[in-house]
Amino acid sequence: MKVLVEGRAQGTVLKSEMPINFLGAVDKKSGVITDRNHDLYGKSVRGAILVFPSGAGSSVGAYTIYALKSGGAAPAGMICREADLTVATGCAVAGIPLHILDPDKFASIRTGQQLLLGAD
Amino acid sequence: MHLEESEEAALAGEHGEIMQMAYRILAATGGASDAERLIPIRWAHLSGVNYNTIGGAGEEFLRSISSRGAKVRVRTTLNPMGFDADSVERYGLGDEFVSGQASIADSYGAMGVTQSFSCIPYEIFEMPRGEQIAFAESNAAIYANSFAGARTNKESAFSALASAITGKSPYSDLRREGEGATSNVTVRMSAKEPDELTYGMLGYFAGREAGGASSVDISGVSASAMDRRQCKAMCGGMGTSGTCAKFRFVEEGDRDARGSGGGSPETVEFDDDAARKVRDELDTAENGDVIALGSPQLGLWEMSDLLERLRGRSFKKRCMVFCPRAVKEQARKLDYVRGLERAGCEVLADCCTCLSPLLGSDKVDAVTTNSIKGAFYMNNASGVGVDLKPLAKILEDETE
C-alpha cells in the first residue's frame with residue numbers, strides 16, 4: 001500500500017471497475033457521473049470512499065477534483081489500484097486522502113462497505 | 001522521493017506558501033510516478049485555462065495564487081480557452097463566462113505565462129528534441145513523447161503548474177534515457193483503409209488497453225504511413241481514454257523492439273470490428289446542426305489542405321474551424337482565412353472543439369466532427385450529440 005495524500009476519511013465505498021476521466025465523466029457541481037458508458041453512470045461520488053482502478057484522460061481532471069471539494073461534492077477519500085498524476089495532484093491540492101492498493105487488496109473491496117482511511 | 005535541502009525547506013513552507021503548494025504537488029507527483037528525485041525541465045505547457053472546464057473554483061484558485069505573487073520560472077505556454085475574443089460578442093455567451101475567462105487569462109499573464117491558447121504547442125513552437133519538458137495537454141504530451149523525441153510525463157494541470165513555478169519535475173520512468181517507459185500490451189492495427197477517424201479510434205482503443213502502463217506498443221502501422229492529421233487524431237484519442245503518455249511503433253513479432261520490463265506479452269487486435277465498437281460508443285447523432293473541425297486545433301497545413309479540398313465548394317451548414325491564434329494570423333496573411341470564410345467557415349482562434357461553450361447544449365443539439373477526442377467530451381461533458389465522420393465524408397455530404 002502507498003499513501004499519496006495523507007489524511008483521515010470515513011465513508012461508504014463506491015467502487016468502479018473502470019478508470020475515471022474526471023473532466024468528461026463527473027459533473028463538478030453535483031459529483032454525479034455523467035458518462036453513459038461508465039459503470040457508475042448516474043451515481044454521485046459525494047462523501048463516498050471512491051474506489052476505482054485509476055484516473056484517465058484529461059489533465060484538467062485535477063481541477064475537477066479541486067472544484068468538487070470547493071463545492072462540497074467531493075468524495076471523502078479515494079483508493080486506486082494504479083497511481084496517476086491527475087488524481088494524485090487533484091487530491092493533493094484539494095486535501096483528499098488518496099491511497100494506492102495492491103491488486104489483491106483492491107479486488108477485495110466492495111461497494112457499500114464502510115471504510116476508514118488514515119487510521120493508524 | 002528524495003528532496004535536496006532547499007527542496008525540503010520549500011516543502012516545509014520556508015520559501016512561502018506558493019512554493020509550499022508547488023512542492024506538495026511535486027511530492028504527490030513523485031509518489032505517483034515512483035520517481036527518486038526532481039530534475040530541471042525547460043518548458044511547461046499548462047491546461048486548466050477554459051472557464052468551462054475549471055469553473056469558478058479554478059478561476060478563484062488562479063486569481064488567489066497570482067495575487068500572492070506566483071511566477072513561472074521556465075518558459076510556460078497555455079492550452080485553449082473558451083472563445084475567440086475577436087468574435088465572442090456574436091455568440092451570446094453571457095457576462096459571467098466572458099469575465100471569468102478574462103480573469104483566468106489575466107491571472108496566467110500576471111504569472112508570466114505566454115498566452116498561446118493552443119493544444120498543439122508542438123506545431124507552433126520548435127520542439128526541443130531529447131529535452132525534459134512538462135506538458136499537461138494530453139494529446140500534446142503523447143505527441144511530444146511519441147513523435148517529437150522530447151520527454152514528459154502525462155502531466156496533470158497541477159503537476160505542470162508546479163513544474164512551471166519550480167522549474168522541476170519528478171524523474172519518472174518516462175524521463176529516463178533509453179527505453180524507460182514500460183508497455184504491457186501491443187495493439188495490432190488491422191482496420192482496413194484507415195482515415196483520421198480510424199486513427200483517432202485506434203488511439204482511443206490503445207489508450208484504454210494500455211491500462212496503467214506508461215506506454216503502449218502499436219504494430220501493423222508505421223509513422224511514415226500517417227499524415228499529420230492522422231498522427232494528431234491518434235494522440236488525441238489516446239489522451240482521452242488512457243493514462244499512458246506514449247506509444248511506440250513496433251514490428252510484428254519483434255520482441256526486442258517491445259517495451260522494457262519484460263516486453264509486452266499481450267497482443268490485442270484493433271480490427272474493423274473493434275473500430276465499429278468505439279464508433280458505436282461515440283457516434284450518437286444522425287446529423288449535426290453544425291460542423292466542428294479542430295480537436296486538437298488545426299495547424300497551418302490542415303488549414304491549407306482544407307481549403308485545397310474544398311475547391312470552390314461551400315458548406316451547406318455552419319462549419320467552425322478551430323486553430324491557434326499564431327496559425328490564424330499566418331493563415332490570414334496567406335489568404336487561407338478569406339478562402340475558408342468564403343466557403344462558409346467560421347475561423348476561430350484561441351479555443352477548440354472540445355468543451356468550448358460555443359458548442360454547448362444551449363447552442364446546439366448535435367455536432368458533426370471527425371474528432372474522437374471532441375466526440376468524447378461533447379457526448380459526456382457538454383451533453384451534445386455527435387455525428388462522427390472523416391473529413392472526406394464531411395466534405396462529400398456537407399458541401400455543394
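Only a predicted model underlies this, so the values are computations on that prediction, with no experimental measurement involved. To find a chain, count down the sequence lines: A is the first, B the second, and so on, and within it residues start at 1.
- Note: B/E281 leads B/M378, B/E281, B/M238 in heavy-atom pairs under 4.5 Å with chain A.
- Of the two parts of A/L23, the backbone and the side chain both hold a non-hydrogen atom closer than 4.5 Å to a non-hydrogen atom of chain B.
- Using cut-offs of 30° and 60° for the angle between ring planes, the B/F61 and A/Y63 rings count as perpendicular.
- Residue A/N21 touches chain B through its side chain alone, counting heavy-atom pairs closer than 4.5 Å.
- Put simply, of B/G212, B/G211, B/S138, the one with the most heavy-atom pairs under 4.5 Å next to chain A is B/G212.
- A donor-acceptor contact closer than 3.5 angstrom links the side chains of A/S59 and B/S47.
- Using a cut-off of 4.0 Å between Lys/Arg side-chain N and Asp/Glu carboxylate O, A/K15 and A/D39 are scored as not salt-bridged.
- Ring geometry for A/F52 against A/F22 counts as perpendicular: the plane angle is over 60°, on a 0 to 90° scale with 30° as the lower cut.
- Proximity to chain A (any heavy atom under 4.5 Å) is restricted, for B/L355, to the side chain, taken from C-beta onward.
- Using a 4.5 Å cut-off between heavy atoms, B/I142 makes no contact with chain A at all.
- With a threshold of 4.5 angstrom between heavy atoms, A/T34 approaches chain B through its backbone and through its side chain.
- Contact annotation: the side chain of A/I49 never approaches that of A/L14 to less than 4.5 Å [non-hydrogen atoms, C-beta and beyond].
- For A/D35, the parts lying under 4.5 angstrom from a heavy atom of chain B are both the backbone and the side chain.
- With a 4.5 angstrom heavy-atom cutoff, B/N379 touches chain A via backbone and side-chain atoms both.
- With chain A as partner, the option from B/A381, B/P170, B/G383, B/G56 having the largest number of non-hydrogen pairs under 4.5 angstrom is B/A381.
- Counting heavy-atom pairs under 4.5 Å between each of B/R24, B/K154, B/M21 and chain A puts B/K154 at the top.
- In terms of heavy-atom pairs under 4.5 Å with chain A, the best-connected choice from B/G55, B/S241, B/G242 is B/G242.
- Taking the six-membered ring where tryptophan is involved, the planes of B/Y204 and B/F376 are tilted, since the angle between them lies from 30° to 60°.
- For the set A/G61, A/S58, A/C80, A/A25, the entry with the most heavy-atom pairs within less than 4.5 Å of chain B is A/S58.
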